[in-house]
Amino acid sequence: MRRWPDLAAQTVARLLLVAIALIAATPLRLPPLAPETAVAPPGTRAMWLWERDDPRPVVDWATANGVRALFAYYDPRAGAADLARLRELRQLCDAAGIALDALGGEPAWTTEHPAALAWAQGAAATGLFHGLHMDVEPYLLPSWKTDQAALVPQFLTLLDQVSSATDLPLELDVPFWLPTVAVPDGGGNLADAVLARTDGVTVMSYRNTATGANSMVGVADDLLRRAGKVAKPVRLGAETQPLGDCAYCSFHGSTATQLHQTLAAVDSAAQRYPAFAGIAVHQYDTWITLTG
């Protein structure tokens with residue numbers, strides 16, 4: 001005859017086994033990670049790819065030059081051939097350990113939000129991209145000079161809508177002077193408002209010197225500090241296209257050695273900023289020509 005304590009112990013053991021089985025059958029749902037950034041090691045690069053170049057040479061070049069993120073232009077009206085090219089690009093990027101982001105943007109998107117949403121949702125639907133990289137530049141609109149107070153809220157609404165339209169992270173190209181633009185009705189400045197609505201930014205710190213006044217690090221200092229306070233990553237942009245109206249804004253005409261040395265100096269100087277996520281080079285076609 002079994003004693004009561006033995007029966008009680010067995011009952012408890014059975015209940016524990018049932019509980020363990022239920023837990024094992026339930027998908028593990030961890031809370032989301034807290035925002036954090038890690039300073040990019042020297043040599044970390046990203047690259048804009050606006051043209052429909054052959055994927056393999058692009059990825060070979062990117063791999064050889066430390067590119068860890070590739071911003072590839074995506075057209076929501078793309079046909080089968082272009083989508084096939086992007087699929088090949090994604091496969092090659094995956095093999096090389098490069099994140100492929102959808103690149104797109106027009107100043108008109110500032111007010112024409114449906115076009116931006118169609119782009120974002122189309123990019124997400126392909127399943128080819130790790131993130132969205134937008135280059136909108138509302139200050140190129142004629143009305144920026146005459147009615148900036150109206151455009152700024154529309155631009156921020158655009159970011160809210162695109163950010164909510166997909167599950168992909170959103171990164172935005174921004175000018176280094178963004179902190180000088182006020183948000184109407186006491187909303188602070190545009191830099192902080194943009195950082196609050198995006199997962200990261202690439203500062204168009206287009207200068208051909210590394211440090212000091214009017215340099216890549218110098219002009220980006222304010223945004224790097226602001227982003228560090230809110231744990232958002234910041235890439236610094238380097239231009240290689242010819243800019244006739246600003247010779248010191250581009251590395252066009254420099255040698256490969258000069259470019260390499262300057263970007264290495266930026267890497268070194270930017271290590272003190274927690275938000276620093278590396279250097280993005282604009283763009284593939286002129287970068288390869290400069291160093292070729």
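For D221, the salt bridge (charged side-chain N to carboxylate O under 4.0 Å, His left out) partners are R225, not counting sequence neighbours. By the side-chain hydrogen bond (donor to acceptor under 3.5 Å, both in side chains) test, R226 pairs with D192, D222, sequence neighbours left out. Considering only residues two or more places apart in sequence or on other chains, D267 meets the side-chain hydrogen bond (donor to acceptor under 3.5 Å, both in side chains) condition with R45. Partners of D147 under the salt bridge (charged side-chain N to carboxylate O under 4.0 Å, His left out) rule, at least two apart in sequence or in another chain, do not exist in this structure. With sequence neighbours left out, the side chain to side chain contact (heavy atoms under 4.5 Å, CB included) criterion links A62 to M47, V67, I98. R207 is linked by a salt bridge (charged side-chain N to carboxylate O under 4.0 Å, His left out) to nothing, counting only residues two or more places apart in sequence or in another chain. Checked against ring-ring contact (aromatic ring centres under 6.0 Å, His included), F129 has the following partners two or more places apart in sequence or in another chain: Y74. By the side chain to side chain contact (heavy atoms under 4.5 Å, CB included) test, D173 pairs with W48, H133, D135, T202, M204, sequence neighbours left out. With sequence neighbours left out, the side chain to side chain contact (heavy atoms under 4.5 Å, CB included) criterion links S164 to no other residue. R272 is linked by a salt bridge (charged side-chain N to carboxylate O under 4.0 Å, His left out) to nothing, counting only residues two or more places apart in sequence or in another chain. Applying the side chain to side chain contact (heavy atoms under 4.5 Å, CB included) test to A165 and every residue at least two apart in sequence or in another chain returns L117, Q121.
With hydrogens and angles disregarded, a donor-acceptor distance shorter than 3.5 Å links the side chain of T289 to the backbone of D285. When atom types are taken as modelled, the side chain of D75 and the backbone of R77 share a donor-acceptor pair closer than 3.5 angstrom. Here the side chain of K232 pairs no donor or acceptor atom with the backbone of V201 at under 3.5 angstrom. E239 contributes a side-chain N or O that, together with a main-chain N or O of Q241, makes up a donor-acceptor pair within less than 3.5 Å.
Here the closest non-hydrogen pair linking A40 and G278 is CB-N, 3.4 Å. Nearest approach of Y273 to V39, heavy atoms of both residues: O-CG2, 3.4 Å. Across all non-hydrogen atoms, the minimal contact from L168 to G131 is CB-CA, 4.1 Å. Taking all atoms of both residues into account, the shortest heavy-atom contact from G218 to S215 is N-OG, 2.9 Å. Of all heavy-atom pairs spanning L223 and V234, the tightest one is O-CG2, 4.3 Å.
Look at R56 and D54 and you find no salt bridge, because none of the NZ, NE, NH1 or NH2 atoms lies under 4.0 Å from a carboxylate O.
With contacts defined as side-chain heavy-atom distances shorter than 4.5 Å, the pair L89/L49 qualifies. At a threshold of 4.5 Å between non-hydrogen side-chain atoms, the residues N65 and W287 count as touching. Counting heavy atoms from C-beta on, the side chains of Y284 and L70 never come closer than 4.5 Å. With contacts defined as side-chain heavy-atom distances shorter than 4.5 Å, the pair D94/L100 does not qualify. Considering only heavy atoms from C-beta on, W144 stays 4.5 Å or farther from T110 through its side chain. Put simply, the side chain of D53 does not reach to within 4.5 Å of the side chain of W50, judged on heavy atoms.
Clustering ILVMFWY residues whenever any of their side-chain heavy atoms sit less than 4.5 angstrom apart, transitively, puts Y248 in a cluster other than the one holding Y206.
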Between Y73 and R52, does the side chain to side chain contact (heavy atoms under 4.5 Å, CB included) criterion hold? Intermediate values first, please.
CA-CA 8 Å; Y73 177 66; R52 293 172 170 82; 4.0 Å; yes
Before giving the answer on side chain to side chain contact (heavy atoms under 4.5 Å, CB included), spell out for L170 and M134 the whole-Å C-alpha distance, their side-chain angles and the decisive distance to 0.1 Å.
CA-CA 8 Å; L170 173 63; M134 285 207 317; 3.9 Å; yes
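The disulfide (SG to SG under 2.5 Å) analysis of residues 39-82, with sequence neighbours excluded, yields no pairs.
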